[in-house]
Amino acid sequence: MLRTHTCGELRKQDADKQVTLCGWVDKYRDHAGIVFIDLRDRYGKTQIKFNLEDNSDIQQQARSLRHEDVVRVTGDVVLRPEDMVNPKLDSGDIELRVNELEVLNKSLTPPFLIDATEIPNEELRLKNRVVDLRRPELQESMMLRHQCTKIIRDYFHEKDFLDIETPILGPSTPEGARDYLVPSRIHEGCFYALPQSPQIFKQLLMCAGFDRYMQIARCFRDEDLRADRQPEFTQIDVEMTFVEQDDVLSVIDGLIAKMLKELKGIDHPMPLPRLTHAEAMERFGSDKPDMRFEMELTDLGEIASQCGFGVFSKTMESGGRVRALVAPGAAEKYTRKMIDGLTAFVGDYGARGLAFFRVKENGLDSPIAKFFTEEHQLAIIEKMQAQPGDIIFCVADKESVTSAALAALRNRLGKELELYDPKAFSCLWITEFPLLQFDEDANRWVAEHHPFCYPHLDDIELLESDPGKVRAQSYDLVVNGYEAASGSIRIHDPLIQQKIFDLLQVSAEEAEGRFGFLLEGLRYGAPPHGGVALGLDRWVMLLCGYDNIRDVIAFPKTQKASDLLSGAPSRVDEKQVKELHLQLDLEEE
RNA sequence: GGCCCUGUAGCUUAAUUGGUUAGAGUCCCGGACUGUCGAUCCGGAGGUUGCGGGUUCGAGUCCCGUCGGGGUCGCCA
């Protein structure tokens, strides 16, 4: 080793030792006669000093050191004078009195400073990711990510799970997200697809008797990006044999308890609370409600039907709904102009308007209050359990719009009104998702989760009579309003699997062609099985307290799915294209 | 595909809302300084205001287009 110690480990008790450190020049303070440098590596910082009286040659050389130079220094650990101790530094009791200096690599002037209190814009950071990754925030998020996967691997190992790898080059499957395709050189006109998840392969591992499987698996989806979505991301993929839903959930409960305890010192109530999909939609308008605060939706349909406000009564007549939420103490904080902003905001979710009432001691204050009798006003206040100073926001529309708009409004108000501790964690399971959803455009049923979910046992008969009412044995883990895991009990019976494909209008022939290898697996003694996949990136993001997944990925992609560091994706040689039997149809420049 | 925000020295930003030579901090370069730790002090360099066009006597500022970055709706089994 070129060093005897790291920059983070020297303490009082190391005084008088001769040591060698390597690291980056973090800060330098040149006083002519004495030069101080904070030397940095991933373990911490140690102040090193060059005294003119000790060695004028080395001291002279030290004066030319600049940010990010890489150096190796040897010297004596000395206690700092008592009044020169730096309490901000873990190693602040000591410093290194250098008597040998080797510049391992002189750095160009970095595009931005590592210790900057001002964070450079993200484009620049991504282009210069190597420098960016030296920033303490990213160093910490990478370390936390490692701790996280370490805990996960240990946990599943202790519970007899096997880590088995599945193919990256697989078949393209028709349902679901858009695939990233890889053309085959050997098979003309054929393509591999990168996995959207190892779903089918892990089911086959269950069929093969591996009983308990886990993998930290990279997944790829060629869809548009979001703050919490990257085209390639990492799942903690889990599958178990001879289990029911409760078994899967409690294994994950144990993992979450361990992660929150060991990484954040949090004792989350266990088992994690559960809510059916139907109840979540009714109470929060969302299948991923942020449970750090209350603010539930309330149905005002009864009053809306009777009132004199045409928008409300007509919505009810046409089979829509009028639902509302209470923004506690918002009456003073939200001006008319700000409420107009909220109206535009819910417009993004399809709501054509946002009715609001300021709650007073003896009634409601609103441009539309005149359409409501005193009796109705009091009934609304009673029903909403509103207090003077609150604002009641209502959306009247078809049910799906009231849900989407009010759920989004709830999240926004919760944040703006500071209704929760941003450092808190609140997890819950959402269960019993609908198995199918009717796609109006395609005029057919599509799988809500994926086509391998086992229907709820009580609903099997509905598959024929009323497919939209069939609940799946599926579940999502929601953390602070983010979908942090998702899974289901799978179909292990090829006949039921075929029935689902029929409903999805996937013909037997097509199913055989696309999923034949799964169906075949199910035919040779497939055991009941089920599993779940956790979004690792999102978990690390939440554990770090970030609202952006890129800060927990070493080399992330931009919203347009390019890597500003490597330049991917990029054009390739015509020769490579030809070898793959492809022809590019590009516009001439 | 839609909507919104954004782009000014290497970096973080200001520019009195269309008005003189685009200002500051930091970084960088030079000088001073033997106990700093956001070192301090003095001096210097550093700008095609992303790019292209338009309106105007005059554009960093307004308009159109375009490129990059971000947020979001659709999309994401």
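When reading the values below, keep in mind they use all heavy atoms of this one structure, side chains included, and skip hydrogens, waters and symmetry mates. In what follows, chains are A, B, ... by sequence order, proteins preceding strands, each numbered from 1.
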Close N or O pairs between protein and nucleotides 43-52 of chain B (under 3.5 Å):
none

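For the P atoms, the distance linking B:U21 with B:U40 amounts to 34 Å, nearest Å. For B:A9 and B:C64, the P atoms lie 24 Å apart once the distance is rounded to whole Å. The gap from the P atom of B:U20 to that of B:G60 amounts to 10 Å, rounded to the nearest Å. Using atom C1' as the reference point in both B:G2 and B:G38, the two lie 46 Å apart (nearest Å). Nucleotides B:G10 and B:A32 are separated by 28 Å at their P atoms, to the nearest Å.
Salt bridge absent: A:Arg444 and A:Asp439 never bring a charged side-chain N and a carboxylate O closer than 4.0 Å.
Rounded to whole Å, atom C1' of B:C4 lies 16 Å from atom CG of A:Leu342. Rounded to whole Å, the distance from CG on A:Leu52 to C1' on B:A32 is 15 Å. Residue A:Leu225 contributes atom CG, which lies 11 Å from atom P of B:U72 at whole-angstrom precision.
With centres under 5.5 Å and a plane angle under 30°, the ring of A:His31 is stacked against the base of B:A39. A:Phe112 does not qualify as a stacking partner of the B:C11 base, lacking a centre-to-centre distance under 5.5 Å together with planes within 30°.
Of all nucleotides listed (B:C11, B:G38, B:C37), B:C11 comes nearest to the side chain of A:Pro120. Checking B:A39, B:G68, B:G35 against the side-chain heavy atoms of A:Glu95 singles out B:G35 as nearest.
Of the nucleotides present, B:G71 is the one that pairs with B:C3 by Watson-Crick or G-U wobble criteria, both distances under 3.5 Å. Summarising the base pairing, B:A9 is matched to no nucleotide, lacking a Watson-Crick or G-U wobble pair whose two defining distances lie under 3.5 Å.
When heavy atoms are screened at a 4.0 angstrom cut-off, A:Arg412 is found touching no nucleic acid atom at all.
A:Phe515 has its ring centre less than 6.0 Å from the ring centre of A:Phe501.
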